[in-house]
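The basis for the numbers below is simple: all heavy atoms, side chains too, and nothing from hydrogens, waters or symmetry mates. Every chain is numbered from 1 and lettered A, B, ... according to where its sequence line falls, protein lines coming before strand lines. Small disclaimer: the values here were computed from a predicted structure and weren't measured.
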Amino acid sequence: MSVKVSTPKGTRDFLPEEVKKRNYIFTTIRKVFELYGFEPIETPSFEMSQTLMGKYGEEGDRLIFRILNSGDKMKKADIQALSEDNLPRFANSLAEKALRYDLTVPFARFVVQHQHALSFPFKRYQIQPVWRADRPQHGRYQEFYQCDADVVGSDSLLCELELIQIFDQSLTKLNLPGFTIKLNNRKILSGIAEVCGEQRRLVELVTAIDKLDKIGEQGVIDELRDKGISKDSIEKIRPLFTFSGNNELKLDFLRTFLNTSAIGIQGVEELSYLVRTVSQFPLERGVLELDITLARGLNYYTGAILEVKAHDVKMGSICGGGRYDDLTGLFGLKGLSGVGISFGADRIYDVLSELNLFPDEVLHQKKILFVNFDELTYSHVQKLLTGFRNKGVICEIYPSHAKLQKQFKYANDKNFTHVVIVGLEEIKNNSVALKDMITGDQRILSQEELLNL
RNA sequence: GAGGUUGUAGCUCAGUUGGUUAGAGCGUCGGUUUGUGGUACCGAAGGUCGCGGGUUCGAGACCCGUCUCCCUCCCCA
């Protein structure tokens with residue numbers, strides 16, 4: 001070993017077996033997206049900085065990977081901004097491009113830019129990597145794949161319903177035994193803030209409530225107090241911490257709790273529609289659960305908020321999503337409502353690995369290795385190789401005249417299911433020897449019999 | 001961005017209060033076997049002890065810095 005080599009932190013290489021398993025996840029999700037009429041698009045891995053900056057809140061900007069200007073562009077650096085201690089502006093002058101942080105904001109840019117070529121409602125899916133300069137942890141990487149499906153140009157709740165069904169179908173097809181689809185609505189959160197008179201502190205209020213299951217009731221109360229939320233307001237919110245029951249009971253509770261807030265009641269009606277419809281057309285394995293503490297994507301969600309957690313694993317959410325009424329508004333196209341979901345393929349991979357749920361076929365396809373003896377036998381083998389490949393069977397010939405021991409070891413290590421031997425003896429009898437690498441059995445066949453297996 | 005933790009062979013890890021030439025298992029390669037893998041036996045290769053500096057007669061071990069791994073917070077997939 002001469003130099004210490006490694007991938008940058010938060011990134012990984014994928015061995016052939018891992019790539020096969022990942023492709024299985026992508027393919028499964030892609031098929032479901034297509035069955036619901038979503039069409040594929042792709043966008044560049046990096047965008048203009050200004051497209052991304054400021055779209056994910058203050059925290060988000062910190063986590064965006066910036067791309068340093070190259071060559072003479074370096075000379076354009078805004079030294080004055082640096083001397084005035086205006087670091088964001090200085091940074092922008094150094095890096096006019098940045099790696100995409102998610103697929104939603106680039107999609108909003110895409111819709112605005114190509115609006116003349118799209119017909120609405122536009123349903124697209126997109127499976128590409130995103131980058132976040134986050135500190136790596138269990139299930140958190142700096143480079144990871146998102147599989148997004150969004151509908152833009154329709155405010156029908158049928159879209160939300162379809163997306164919930166897509167969660168259910170995809171994860172069921174991936175053989176996940178159980179998962180909860182958590183549902184909330186930004187209008188409920190606005191309603192809560194309104195009812196306790198803290199509309200202006202919505203984000204602080206809600207991010208504290210979001211931690212309920214993590215730090216408990218007292219923890220949330222402490223945090224609210226630290227953030228300067230009044231005692232009165234906290235008292236008004238308190239009932240939210242303890243109420244429980246099924247979705248119907250929760251809705252009843254909210255209807256009463258939010259009855260002075262028009263927007264809150266609107267949120268309740270939206271949730272109520274989804275809960276009712278899902279119960280009429282039940283999900284396969286997913287459990288739909290109202291969770292008013294759910295507070296994701298506050299920076300742009302305006303209606304539904306969705307999150308999926310797998311059962312029986314210690315892992316953050318594996319999918320997210322929600323409705324955003326004004327996302328394209330940021331890029332100048334008003335009045336276009338969107339709603340979308342995102343699958344975290346890397347986390348799903350970790351969950352499937354942990355629960356041992358990858359199907360055997362993904363890794364153990366039929367594969368045949370032909371032993372390589374010499375030039376004389378090669379022409380006979382080549383005919384068989386072509387025959388198998390025409391039938392769609394994976395096969396290969398060992399590339400050199402190595403001793404048999406070595407060729408068999410190769411077959412074993414690479415999970416070949418069969419080895420075919422064609423040597424002088426077999427050619428003389430117009431036969432082949434076929435060895436089953438799993439059982440160890442070996443038999444003699446004619447060449448025709450071999451191809452017809 | 002804040003706090004904690006880890007780093008010795010390709011991998012998982014030993015290495016005593018600082019003291020000769022830094023070890024094991026697994027893996028790799030070769031042989032036992034020039035027409036047979038997965039088991040067994042024999043042998044070999046492989047290490048600037050993360051990096052830089054300091055203390056010391058002497059540092060893998062102690063001190064400082066730095067990078068990295070993993071974890072908590074923040075936030076999220």
**Prompt:** Considering heavy-atom distances to RNA chain B, does A:Gln146 or A:Phe373 have its closest nucleotide positioned more toward the 5' end?
**Reply:** A:Phe373
Lys/Arg-Asp/Glu bridge criterion (N-O < 4.0 Å) met for [X], [Y]:
X        : Y        : result
A:Glu162 : A:Lys123 : yes
A:Glu17  : A:Lys20  : no
A:Glu47  : A:Lys97  : no

Which atom pairs, donor and acceptor, lie under 3.5 Å between side-chain atoms of residues 349-362 of chain A and protein residues at least two apart or in another chain?
unit_1, atom_1, unit_2, atom_2, d
A:Asp350, OD2, A:Tyr141, OH, 2.7
A:Ser353, OG, A:Tyr349, O, 3.0
A:Asp360, OD1, A:His364, ND1, 3.2

Looking at every heavy atom in both [X] and [Y], which two are closest together, and how far apart are they?
X        : Y        : result
A:Val32  : A:Ile166 : CG1-CG2, 4.0 Å
A:Arg225 : A:Ile234 : N-CD1, 3.9 Å
A:Gln407 : A:Ser400 : NE2-O, 3.7 Å
A:Asp325 : A:Ser337 : OD1-OG, 2.7 Å
A:Asp102 : A:Arg132 : CB-NH2, 3.8 Å
A:Phe416 : A:Leu369 : CD2-N, 3.3 Å

**Spacing of the C1' atoms in B:A77 and B:G30 (rounded, Å)** =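 Per the computed distance, 48 Å lies between those C1' atoms.
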**Sorted by number, the residues of residues 341-362 of chain A with heavy-atom contact under 4.0 Å to RNA chain B** = A:Arg347
**Prompt:** Does A:Lys406 NZ have over 12 foreign heavy atoms under 6.0 Å away?
**Reply:**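 12 or below, so no.
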**Prompt:** Touch check for A:Gly60, heavy atoms < 4.0 angstrom, all strands: base, sugar-phosphate only, or nothing?
**Reply:** nothing
**Message:** Taking any heavy-atom pair under 4.0 Å as a contact, classify A:Tyr56: base, sugar-phosphate, or nothing.
**Reply:** nothing
**Request:** Would you sketch RNA chain B in dot-bracket for me? Only Watson-Crick or G-U wobble pairs with both distances under 3.5 Å count, crossing pairs as [ ], other-strand pairs as |, the rest as dots.
**Result:** ((((..(..((((.....[...)))).(((((.......))))).....(((((..]....))))))..))))....
Please write out the pairs of protein N or O atoms and N or O atoms of nucleotides 67-74 of chain B separated by less than 3.5 Å, giving the distance to one decimal.
unit_1, atom_1, unit_2, atom_2, d
B:C71, OP1, A:His138, N, 3.3
B:C71, OP2, A:His138, N, 2.7
B:U72, OP2, A:Gln137, OE1, 2.7
B:C74, OP1, A:Lys211, NZ, 3.1
B:C74, N4, A:Arg140, NH1, 2.6

Kindly give the atom pairs (protein nitrogen or oxygen, nucleotide nitrogen or oxygen) under 3.5 Å for nucleotides 29-34 of chain B.
unit_1, atom_1, unit_2, atom_2, d
B:G30, OP1, A:Lys406, NZ, 3.3

**Message:** For A:Phe26 and A:Tyr145, take the angle between the two ring planes, folded into 0 to 90°, and tell me which bin it lands in: parallel under 30, tilted 30 to 60, perpendicular over 60.
**Reply:**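 Tilted: the ring planes of A:Phe26 and A:Tyr145 meet at 30° to 60°.
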**Prompt:** Over how many whole Å does the gap from A:Leu15 atom CG to B:C11 atom P extend?
**Reply:** 13 Å
**Item:** Qualifying residues under side-chain hydrogen bond (donor to acceptor under 3.5 Å, both in side chains), relative to A:Arg124, sequence neighbours excluded
**Value:**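 A:Gln126, A:Asp150.
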